[in-house]
Student: 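Sharing a structure with you now.
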Amino acid sequence: MKKLVLIDGNSISNRAFYALPLLSNKQGLFTNAVYGFTQILLKILEEMKPDYFLVAFDAGKVTFRHSDFKEYKGKRMKTPSELSGQFPMIRELLDAFHLQHFELEGYEADDIIGTLSKRAEEIGIETVIYTGDKDMLQLASDSVMIYLTRKGITEVEPFGPKEIMDKYGLEPKQIIDLKGLMGDPSDNIPGVPGIGEKTALKLLHEYQTVEGVYTHLDQITAKKLKENLTTYQDQAILSKQLATIYRQVPIEIQWEDLKVDDKGYHRDEVYQLFVKWEFHSLIERLGMQKSKEEETEQKDVLLIDRLTEKNKTKWEKILGEEGPHAIYVETIGEQPHGRQILGLAVTNGKEILFINDQQLKQWTDFQEWLQDSSKTKWVFDGKRVEMVFFWNQIEIKGIASDLLLGAYLLNPQDGSPSLAEIAKQYHYSGLQDDELVYGKGAKYAIPKETVYVDHISRKAHAIFALIPTIDEKLKETNLDRLFYEIELPLSRVLAKMEKIGVRIDSQRLKEMGEELNQTLITLMEEIYELAGTEFNINSPKQLGEILFDKLQLPIIKKTKTGYSTSADVLEKLEPHHPIIGLILKYRQIGKLQSTYIEGLLKMVDKETQRIHTSFNQAITATGRLSSTEPNLQNIPIRLEEGRKIRQAFIPSYEDWLILSSDYSQIELRVLAHIAEDENLIEAFNQDMDIHTKTAMDVFGVKEDEVTSLMRRQAKAVNFGIVYGISDYGLSQNLNISRKEAAEFIERYFSVFSGVKTYMKKIVEQAKRDGYVSTLMNRRRYLPDIHSSNFNIRSFAERTAMNTPIQGTAADIIKIAMINIDQEMRRLYLKSRLLLQVHDELIFEVHPDEKEMMMSLVKNTMENAIQLKVPLKVDLHFGKTWYDAK
DNA sequence: CTCTTCACG
DNA sequence: ACGTACGTGAAGAGA
């Protein structure tokens, strides 16, 4: 006997959706229902081995049942968007499996299934129905079995007439009567009030059907029950009708169409989908590997040439060809500014050429090709390539695409991914992790030549293969302009800044270091004296023991490993013991000494006598830059002692000046623009002091009545707003109660109602789309926004509020940097951009160009983008970075 | 290698 | 009730 399997698509998808946590792939696409559905599907195919197969879906919002009863399914919750978005994916899945799915306007899945199972019955085909809906039990017969989902997703319970009789004492047909009496709240079928499953079963065991119950109404003794049955007779009849599955749906479908392909599913199509949805465990379960085409493709390309006199001409010809070439340069070591070249590979996608360091330096034609901007190059981390070549007196031009930057824009959450990670994510196989090839940290070593030649060549090929994919995805997500017009040109500006570096007055740093050392020794002695013992002040563990065990000071806060000794805790302890002040001072000076004096001195380049930081353009989730080895974006400024470090940052030449230009309140201005808050816009249009203005509005006072405390608190509220406000965070910051903090926020929102609306809107948007964006379309995915964990979800909500603000500010200064660089080149200025510190640019300026730079920098920064409020830039010149204030 | 602390915007 | 402000990088301690 042939076997037909029918699946209630909506019911099973719903089941899977609610049984599994809200999984999503890296693109923020929700996949849990699809995943669960796939699991059930695989199980069915494996265990049932059906000859015919179909998944039925509900179609349209109105079915014939609505003409009988317009409230039908009225109270049912709207399908959440996280689920509805997965229905097309499930259809895609079925298509890939070459399995039929069907829906018909005006009918529900039940009716389609009812109709097909009836037809199957008539021609002697055995049917199995999968659903979570008990109503379907009415279809059971000698040749129709219903499999009801139970707990979990793949666990089912089979029901035939016998099982239904055992469980309910009813014939399958009577299920309809059962529903008629008890109703079904989920479908908004009313039934008879006061009758639940127990009573309904009792009545049906006695009188068989709804009609039977009414014929024998006089025999019912329970007064209330009889009364209800009488009052709601019409409703009971109607409910029975609604619960009846219609088995005459006009379906024009041939059995032939429902046949399960004996050749099985199309492995490649299924594999592609699983990869896209990141169903790694399923890929493994099905023992799927890449398709044959993919494998052969990758074998074909591994034609690696080593440069020889013989093939030089051939390669000169290949390099002269139209079209892009991918190049990859490997340096020895792990520093971002590695200088020693291990080797280089270049490819046109078909053949690969490996060149060693010596060959690179001797092959002048190749160097000319590198310099030729009309010869387009594809790279991974172009800034690094440019830097490596720079240290080796080689120039590169014509970088047309950068895999690192593209992958970063597609998924900034991942932070600077390695080439191997990107390859893996976008399904290019055959590239090993650098760590496996070279080792990491202390284990770093150069492997045999054949090994690294192969590895470097594969990297070049991976770049060539992946850039078209990335490029397409950038276009799909509207990130292409951000990529080509901002990130790619910016990487060249950053390279220039890194090459120049900053001149350091090492002598000055050393002097300061000696002074600090003296202070540290004195402090240390005094601390030991007061503690009555010597210990390592730098160890939070030992310090905690001294303060809280030995000296019995009150414990303010604990960390997971012990007592907290952080500055905010120590500040609260200061009145309790004189040792606290000394420890705070010791910490402060110690930080300056280790991180800033010693740390910076170590980073002064022996060759150039300057510090060349490395800007990471592909690490932050918001679009900001970061700076490493050393970090020049966190040089002290808040406390005078630390600020003096900046005296060691000097211009390259005598008489030159340092220029610091910073955006005033850029984040709040961005907020005013995107929130379209009238009050905030007005305040900036009138160029008011924004914290004072906030204090006036929040405390309801006149300008001259704003005290310094009020302004300080208002400032903290403004910060809180930008970070994604929470009463708890604000209370911590201001050292006030949560209730007071909540009141501040409430008052703020009542005056800046546009901001309030924005905050609400952006969180909703994040929930709907799975991501938030900046003005320049920069995206950040926030899968945690759906977390059932309060903390994780709240974090994502604050991130949703903060990212468009911080990210747009980052977009703006990036545009300003590109434009300033362009202007300075146009005017052949000698002055140079040195550093970027998020809302501030640092230049060194030739004395003759002081006036010119003043207007150029100010104008370009202020006009980088047009907002609903003006952008404002403050400029400061000085002989050192310290003096530019 | 993780944790804590602290420097910046 | 839940207990974090947003985004980074570096140093030192202690496993």
Side-chain angles (χ1 to χ4, degrees), chain A residues 336 412-413 415-416 440-442 535-544 557-570 583-584 586-600 602-603 613-616 619-639 641-643 645-646 662-663 665-667 671 716-734 738 741 745 780 787-807 809-810 813 835-840:
Chain A
Q413 283 290 79
S416 229
K440 213 179 132 188
F535 66 102
N536 186 345
I537 310 170
N538 284 321
S539 160
K541 186 162 173 270
Q542 294 182 34
L543 179 62
K557 199 164 77 180
K558 284 195 150 202
T559 67
K560 48 188 146 181
T561 48
Y563 308 116
S564 170
T565 66
S566 60
D568 61 319
V569 168
L570 295 186
I583 290 166
L584 283 166
Y586 182 89
R587 282 248 180 100
Q588 187 202 330
I589 307 291
K591 175 88 177 173
L592 293 178
Q593 181 74 297
S594 65
T595 306
Y596 296 104
I597 303 287
E598 290 165 4
L600 287 179
K602 262 186 273 177
M603 297 306 299
T613 184
S614 171
F615 288 105
N616 197 333
I619 194 89
T620 72
T622 54
R624 276 189 177 183
L625 302 177
S626 85
S627 153
T628 58
E629 296 188 39
N631 181 354
L632 293 187
Q633 290 182 320
N634 70 346
I635 302 303
I637 189 166
R638 290 172 191 166
L639 300 170
E641 294 96 320
R643 190 174 199 158
I645 300 283
R646 296 180 174 224
D662 65 289
Y663 279 113
Q665 304 296 352
I666 187 165
E667 293 192 334
L671 173 64
V717 172
N718 279 330
F719 268 91
I721 293 292
V722 169
Y723 292 156
I725 196 96
S726 81
D727 49 11
Y728 184 82
L730 183 65
S731 75
Q732 288 294 298
N733 190 282
L734 282 178
R738 222 180 80 216
I745 296 167
R780 178 174 183 180
S787 173
S788 55
N789 178 314
F790 174 87
N791 281 323
I792 294 175
R793 189 177 63 248
S794 303
F795 196 178
E797 287 171 0
R798 290 195 300 275
T799 310
M801 301 184 223
N802 170 265
T803 297
I805 303 172
Q806 190 182 116
I813 197 164
L835 299 172
Q836 187 251 42
V837 193
H838 311 307
D839 65 354
E840 175 190 15

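Letters go in sequence order (proteins before strands), and every chain restarts at 1.
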Student: At under 4.0 Å between heavy atoms, what does A:A796 touch on the DNA or RNA strands: base, sugar-phosphate, or nothing?
Tutor: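 Nothing, no heavy atom under 4.0 Å.
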Student: Can you identify which nucleotide, out of C:dA11, B:dT5, C:dT4, has its nearest atom closest to the A:N791 side chain?
Tutor: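 Of the options given, the side chain of A:N791 lies nearest C:dT4.
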Student: In chain order, what residues pass the side-chain hydrogen bond (donor to acceptor under 3.5 Å, both in side chains) check against A:Y723, with sequence neighbours excluded?
Tutor: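 If we apply the side-chain hydrogen bond (donor to acceptor under 3.5 Å, both in side chains) test to A:Y723, skipping adjacent residues, there are no hits.
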Student: A:Q542 near the nucleic acid: base, sugar-phosphate alone, or nothing, with a heavy-atom cut-off under 4.0 Å?
Tutor: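 Sugar-phosphate contact only.
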Student: Using a cut-off of 4.0 Å on non-hydrogen atoms, how would the nucleic acid contact of A:A621 be classed: base, sugar-phosphate, or nothing?
Tutor: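 Sugar-phosphate, backbone atoms only, no base.
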Student: Do the side chain of A:T628 and the main chain of A:N631 share a donor and acceptor less than 3.5 angstrom apart?
Tutor: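 Answer holds: no.
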Student: For A:F719, does the CZ atom have more than 12 heavy-atom neighbours from other residues, nucleotides or ligands under 6.0 Å away?
Tutor: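 Count not over threshold, so no.
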Student: Looking at the side chain of A:I637, which of C:dC6, B:dC8, C:dT8 is the nearest nucleotide?
Tutor: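 When the side chain of A:I637 is considered, B:dC8 is the closest of C:dC6, B:dC8, C:dT8.
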Student: Checking all strands, does A:V722 fall into the base, sugar-phosphate, or nothing category for heavy-atom contacts under 4.0 angstrom?
Tutor: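 A:V722: no heavy atom of the nucleic acid under 4.0 Å.
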Student: Rounded to the nearest Å, what distance is computed from the OH atom of residue A:Y723 to the P atom of nucleotide C:dT8?
Tutor: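 My rounded result for the distance is 13 Å.
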Student: Across the strands shown, which category fits A:G720 at heavy-atom distances under 4.0 angstrom: base, sugar-phosphate, nothing?
Tutor: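 Answer is base: heavy atoms of A:G720 come under 4.0 Å of a base.
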Student: The criterion is side-chain hydrogen bond (donor to acceptor under 3.5 Å, both in side chains); which residues satisfy it with A:S627, sequence neighbours excluded?
Tutor: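 Testing A:S627 for side-chain hydrogen bond (donor to acceptor under 3.5 Å, both in side chains), a comparison that skips the adjacent residues, returns A:T613.
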Student: OP1 or OP2 of C:dC6 versus the side-chain N and O atoms of A:T803: is any pair under 4.0 Å?
Tutor: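 No, outside the criterion.
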Student: A:S539 side chain: which of B:dT4, C:dG14, C:dC6 is closest?
Tutor: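 Nearest to the side-chain atoms of A:S539, counting from C-beta on, is C:dG14.
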Student: Does A:S794 reach a base, just sugar-phosphate, or nothing at all? Heavy atoms under 4.0 Å.
Tutor: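 Since no nucleic acid heavy atom lies under 4.0 Å of A:S794, the category is nothing.
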Student: If we ignore hydrogens and angles and just use 3.5 Å, is the side chain of A:R780 paired with the main-chain N or O of A:Q413 as donor and acceptor?
Tutor: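 Flag not set: sc A:R780 to bb A:Q413 has no pair under 3.5 Å.
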Student: Scan residues 590-599 of chain A for pairs that pass salt bridge (charged side-chain N to carboxylate O under 4.0 Å, His left out), counting only residues two or more places apart or in two chains.
Tutor: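 As it turns out, there is no salt bridge (charged side-chain N to carboxylate O under 4.0 Å, His left out) pair with a partner in residues 590-599 of chain A once direct neighbours are skipped.
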Student: In this structure, how many angstroms lie between the P atom of B:dC3 and the CG atom of A:L543, rounded?
Tutor: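 From A:L543 CG to B:dC3 P: 20 Å.
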Student: I need the A:N536 CG to A:K541 NZ distance, nearest 0.5 Å.
Tutor: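 Nearest 0.5 Å value for the CG-NZ distance: 11.5 Å.
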Student: What is the separation between atom CD on A:E667 and atom P on C:dC6, rounded to the nearest whole Å?
Tutor: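 Value for this atom pair: 13 Å.
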Student: Without decimals, in angstroms, what is the distance between A:I792 CD1 and C:dC6 P?
Tutor: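 It works out to 13 Å between those atoms.
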Student: Roughly how far, to the nearest 0.5 Å, is CG of A:D568 from NZ of A:K557?
Tutor: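 CG of A:D568 is found 4.0 Å from NZ of A:K557.
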Student: Grab the OH-C1' distance between A:Y596 and B:dT5 for me, whole Å please.
Tutor: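 Nearest whole value for this atom pair: 12 Å.
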Student: Do side-chain atoms of A:R624 reach the backbone of A:H838 as a donor and acceptor pair under 3.5 angstrom?
Tutor: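 Judged by distance alone, no pair lies under 3.5 Å.
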Student: What is the nucleic acid contact for A:T799, judged by heavy atoms within less than 4.0 Å: base, sugar-phosphate only, or nothing?
Tutor: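 Counting heavy atoms under 4.0 Å across all strands, the contact made by A:T799 is with sugar-phosphate only.
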Student: Quick one: A:H838 NE2 to B:dA7 P, roughly how many Å, whole number?
Tutor: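 Rounding to the nearest Å, NE2 of A:H838 and P of B:dA7 are 16 Å apart.
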Student: Using atom P of each nucleotide, how far apart are B:dT4 and C:dA5 to the nearest Å?
Tutor: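 Nearest-Å result for B:dT4 against C:dA5 at atom P: 13 Å.
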Student: Is there a Watson-Crick or G-U wobble partner for C:dA1 with both distances under 3.5 Å, and which nucleotide is it?
Tutor: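 The answer is none; no pair meets the criterion.
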Student: Taking the six-membered ring for Trp, does A:F790 stack with C:dC2 (centroid gap under 5.5 Å, planes within less than 30°)?
Tutor: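 No; by the centre-distance and plane-angle rule, A:F790 does not count as stacking on C:dC2.
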Student: Categorize A:Q732 for me: base, sugar-phosphate, or nothing, with a 4.0 angstrom heavy-atom threshold over every strand shown.
Tutor: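 No contact at all - A:Q732 keeps every heavy atom at 4.0 Å or more from the nucleic acid.
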Student: Nearest whole angstrom, please: distance from the C1' of B:dC8 to the CD1 of A:I645.
Tutor: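 It is 13 Å, rounded to the nearest whole Å.
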Student: What's the closest nucleotide to the A:K560 side chain, out of C:dG14, C:dG12, B:dC3?
Tutor: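 Side chain of A:K560 sits closest to B:dC3.
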Student: I want to verify a distance call: between C:dC6, C:dG14, B:dC6, whose nearest atom is closest to the A:A567 side chain?
Tutor: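 Closest of the options to the side chain of A:A567: B:dC6.
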Student: What residues in residues 586-594 of chain A put a non-hydrogen atom under 4.0 Å from any atom of DNA chain B?
Tutor: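 A:R587, A:K591, in order of number.
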Student: Considering only atom P, compute the distance from B:dC3 to C:dT4 and round it to an integer number of Å.
Tutor: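 Looking at atom P only, B:dC3 and C:dT4 are 15 Å apart.
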Student: Ignoring hydrogens and angles, answer whether the base of C:dG7 and the side-chain atoms of A:R798 contain a donor-acceptor pair closer than 3.5 Å.
Tutor: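 Check fails, no donor-acceptor contact within cut-off.
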Student: Name the nucleic acid region contacted by A:N789, choosing base, sugar-phosphate or nothing; use a 4.0 angstrom heavy-atom cut-off, strictly under.
Tutor: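 Result for A:N789 = nothing.
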Student: Using side-chain hydrogen bond (donor to acceptor under 3.5 Å, both in side chains) as the criterion, list what pairs up with A:E840, not counting sequence neighbours.
Tutor: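 Scan of A:E840 (side-chain hydrogen bond (donor to acceptor under 3.5 Å, both in side chains), adjacent residues dropped) gives A:S660.
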Student: Taking atom CD1 of A:I805 and atom OG1 of A:T622, what is their separation to the nearest 0.5 Å?
Tutor: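 Here the interatomic distance stands at 11.5 Å.
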Student: Whole angstroms only, please: what is the CG-P distance between A:L734 and C:dA5?
Tutor: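 After rounding, the reported distance stands at 15 Å.
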Student: B:dT4, B:dC8, C:dA5: which one has an atom nearest the side-chain heavy atoms of A:T561?
Tutor: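 For the A:T561 side chain, the nearest candidate turns out to be B:dT4.
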Student: Closest approach to the side chain of A:F795, judged atom by atom: which nucleotide of C:dC2, B:dT5, C:dC6 is it?
Tutor: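 Side chain of A:F795 sits closest to C:dC6.
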Student: For A:N733, report the nucleic acid contact type (base, sugar-phosphate, nothing); a contact means any heavy atom under 4.0 Å.
Tutor: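 Since a base atom lies under 4.0 Å of A:N733, the category is base.
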Student: So for A:R738 and C:dG3, does any side-chain atom that can act as donor or acceptor lie under 3.5 Å from a complementary atom in the base?
Tutor: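 Such a pair is found, so the answer is yes.
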Student: Specify the residues of residues 624-633 of chain A, ordered by number, for which at least one heavy atom lies under 4.0 angstrom from an atom of DNA chain C.
Tutor: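 Those residues whose heavy atoms fall under 4.0 Å from DNA chain C, taken from residues 624-633 of chain A in numerical order, are A:R624, A:S626, A:S627, A:T628, A:E629, A:N631.
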Student: Assess the side chains of A:S787 and A:N789: does a donor N or O sit below 3.5 Å from an acceptor N or O?
Tutor: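 No, because no side-chain N or O of A:S787 sits under 3.5 Å from a partner of the opposite role on A:N789.
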Student: Using a 5.5 Å cut-off between ring centres and planes within 30 degrees, is A:Y728 stacked on the base of C:dG3?
Tutor: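 Given the distance and angle limits, yes, they stack.
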Student: Can you find a donor-acceptor N/O pair under 3.5 angstrom joining the side chain of A:S566 to the base of B:dT5?
Tutor: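 Side chain to base: no pair present.
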